[in-house]
Visitor: 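First the structure, which I've put down as structure tokens, then a few questions once you've had a look.
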2 protein chains.
Amino acid sequence: MSTEARLELGPSSLTDALYESIRKRIVNGEIPQGEKLTEVRLATEYNVARPTAKAALERLTALGLLRRTAHKTAVVPVLDEAEIRDLFFSRITIEKAAVSALAATGQVPADAARAQVAIEYAARDRLFENQVEADIAFHTALVAAVGSRRLTRMHELIIGEVHLTMGQYQAHRKAAPTTVAEEHAAILEAIQQGAPEDAADHLAYHLEQAQGRLLSTLSGD
Amino acid sequence: MSTEARLELGPSSLTDALYESIRKRIVNGEIPQGEKLTEVRLATEYNVARPTAKAALERLTALGLLRRTAHKTAVVPVLDEAEIRDLFFSRITIEKAAVSALAATGQVPADAARAQVAIEYAARDRLFENQVEADIAFHTALVAAVGSRRLTRMHELIIGEVHLTMGQYQAHRKAAPTTVAEEHAAILEAIQQGAPEDAADHLAYHLEQAQGRLLSTLSGD
DNA sequence: AGTCGTAAGATTGTTAGACAAGAATGCACG
DNA sequence: CGTGCATTCTTGTCTAACAATCTTACGACT
């Protein structure tokens, strides 16, 4: 890790930029599971004040990307099997509601279709990190297209940990590249046909497969 | 509002205590919709430093109990009809998943049963505020009993705004006291009988009724 | 008189430095 | 070899201050 990381100041807030920078490094696996992040370390590395680092850490903690209790140093969490099951139970709850609502309208969200294409490109070129990003983008697009601010916020609470886990374990390396794309296509097709039940079923199947891939990476391998 | 409010220091953190105190005042309607809360005002009223007040405001904002954008002062939000519908759509999604899971086990959570009794007492004595608290406790107990940390956290993100809206509009004054209790009882019965579908249906019906009461309070009255 | 722009005030964002309290670590002693 | 205490690290909170942004009101110009 370099002694000073540079922050893009696109967002007007310094805290936002710091939060985003750390977030990316965690979900991409640059900061490994179990790593400790102290306030002063981040503050000196990024050249910001300690309260700023503190604020960023608190936001990340709220999203489950860090674990932190009073007077103790924040660490990148290691999700065990039980937690991964809990994570996917919650994820399936949200995304099922999303695809059902979308199927009720029959409209396939354009962003999801775009992400689907990006997945295929990434899989063809063996760009695993892009593949993870595009997969997250696909599911995020589905939820966002419902237009429910609160459903979207609940999903953000979940998808961060999913991203973290996929990034750390790089589970996509195990999936036949075409498998994920096919499962996604089945979901989109059901949405287009206006079949809420089918869409929900295809989604649940897809996420159970994804969970299985993560768990097998966790135990065996 | 008194010039100085006292904080209970049960939680070891000052920020926690401040957060809890403000949260209660918002959801009980003591601080009305649209009211502005500046950092310095809270800091002087509670006799804490501005950064402490800032941290508490940020937490409340994360839960939807305050609205805040960069460089602007936080205000207690006013939920319009569209937002209340969105709120209940999200709420039904979570709570349906919860009662379905509970029905799969056939175990009626003890806390929910206790809250049910509390509702009856509060209704008998015409203690409207207690009635709201007990109603929130009932639904929270249902979700908590599932034992999913993430489902619980998503529910927290939702129930705060529900509490806020009920507290501000005092919608329970419109409900025949026994109606709510009966609808709750139907949910618990379906859980005990191990009927996930029925439990989900009873829950959806109950929440749609509750939404209707809120919306009618909003428009007419 | 009405409207627009500018200046003053208010509020938040960020920083620095400091002290207290809780947690973790290692060393000395039994 | 294990236990207990002291040191050290880290976080929680505070005070003080300056910069950046937003709001408001006043004044000038049309």
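Chain A is the first sequence line, chain B the second, and so forth, proteins listed ahead of strands; every chain is numbered from 1.
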Visitor: Return the set of residues passing side-chain hydrogen bond (donor to acceptor under 3.5 Å, both in side chains) with Q116(B) (not counting sequence neighbours), or none when no residue passes.
Guide: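 So Q116(B) forms a side-chain hydrogen bond (donor to acceptor under 3.5 Å, both in side chains) with H184(B).
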Visitor: Excluding sequence neighbours, so at least two apart, what forms salt bridge (Lys or Arg N to Asp or Glu O under 4.0 Å) with E81(A)?
Guide: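 Expected list: R85(A).
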Visitor: According to side chain to side chain contact (heavy atoms under 4.5 Å, CB included), who are the partners of A145(A), at least two apart in sequence or on a separate chain?
Guide: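 By the side chain to side chain contact (heavy atoms under 4.5 Å, CB included) rule, A145(A) matches L102(A), P109(A).
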Visitor: Quick one: list whatever passes side-chain hydrogen bond (donor to acceptor under 3.5 Å, both in side chains) with N28(B), sequence neighbours left out.
Guide: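 N28(B): no side-chain hydrogen bond (donor to acceptor under 3.5 Å, both in side chains) contacts found.
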Visitor: Apply side-chain hydrogen bond (donor to acceptor under 3.5 Å, both in side chains) to R59(A) and list each qualifying residue two or more places apart in sequence or on a separate chain.
Guide: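 By the side-chain hydrogen bond (donor to acceptor under 3.5 Å, both in side chains) rule, R59(A) matches D16(A).
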Visitor: Can you tell me which residue pairs pass the ring pair (Phe, Tyr, Trp, His ring centres under 6.0 Å) test with a partner in residues 80-105 of chain B, sequence neighbours excluded?
Guide: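 Not a single pair qualifies under ring pair (Phe, Tyr, Trp, His ring centres under 6.0 Å).
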Visitor: What residues, two or more places apart in sequence or in another chain, satisfy side-chain hydrogen bond (donor to acceptor under 3.5 Å, both in side chains) together with H163(B)?
Guide: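 Result, side-chain hydrogen bond (donor to acceptor under 3.5 Å, both in side chains) vs H163(B): E133(B).
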Visitor: Mind grabbing the angle between the end helix axes of the helix from dA1(C)-dT30(D) to dG30(C)-dC1(D)? Five pairs an end, 10° rounding.
Guide: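 Computed angle between terminal axes is 10°.
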Visitor: Find every protein N or O atom lying less than 3.5 Å from an N or O atom of nucleotides 7-10 of chain D, and list the pairs.
Guide:
residue	atom	partner	partner atom	Å
dT10(D)	O3'	T73(A)	OG1	3.3

Visitor: Considering residues at least two apart in sequence or located in another chain, which fulfil the side chain to side chain contact (heavy atoms under 4.5 Å, CB included) criterion with R50(B)?
Guide: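 R50(B) satisfies side chain to side chain contact (heavy atoms under 4.5 Å, CB included) with E39(B), V40(B) once adjacent residues are dropped.
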Visitor: For dG12(D) and T52(B) - does any side-chain N or O of the residue sit under 4.0 Å from the phosphate oxygens OP1/OP2?
Guide: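 It does not, given that no N or O in the side chain of T52(B) lies less than 4.0 Å from OP1 or OP2 of dG12(D).
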Visitor: Let me know the distance between CG of N47(B) and C1' of dC14(D), rounded to the nearest Å.
Guide: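 So the CG-C1' distance, N47(B) to dC14(D), works out to 12 Å.
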Visitor: In terms of side-chain heavy atoms of R50(B), which of dA17(D), dT15(D), dT15(C) is nearest?
Guide: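 Shortest atom-to-atom distance from the side chain points to dA17(D).
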Visitor: How close do M166(B) and V132(B) get, counting heavy atoms only, and between which atoms?
Guide: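 Heavy-atom minimum between the residues: CE-CG1, 4.0 Å.
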Visitor: Check whether any side-chain nitrogen or oxygen of T15(A) sits under 4.0 Å from OP1 or OP2 of dG13(C), and answer yes or no.
Guide: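 For dG13(C), neither OP1 nor OP2 has a side-chain N or O of T15(A) closer than 4.0 Å.
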Visitor: Looking at D80(B) and E83(B), what are the two nearest heavy atoms and their distance?
Guide: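 In terms of heavy atoms, the two residues are closest at OD1-N, 2.9 Å.
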Visitor: Identify, with sequence neighbours excluded, every residue that meets side chain to side chain contact (heavy atoms under 4.5 Å, CB included) alongside A113(B).
Guide: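 A113(B) satisfies side chain to side chain contact (heavy atoms under 4.5 Å, CB included) with no other residue.
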Visitor: Please report the distance, rounded to the nearest Å, between CG in L18(B) and C1' in dC14(D).
Guide: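 Roughly 14 Å, once rounded to whole Å.
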Visitor: Measure from NZ on K54(A) to C1' on dT15(C) and round the result to the nearest Å.
Guide: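 Rounded to whole Å, this separation is 16 Å.
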Visitor: Return the value, rounded to whole Å, for the distance between atom OH of Y46(A) and atom C1' of dT14(C).
Guide: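 Rounding to the nearest Å, OH of Y46(A) and C1' of dT14(C) are 18 Å apart.
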Visitor: Going by number, which of residues 55-69 of chain B have a non-hydrogen atom under 4.0 Å from DNA chain D?
Guide: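 When residues 55-69 of chain B is checked for heavy atoms under 4.0 Å from DNA chain D, there are no hits whatsoever.
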Visitor: What's the NZ-C1' distance between K36(B) and dT12(C), to the nearest Å?
Guide: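 These atoms are roughly 13 Å apart.
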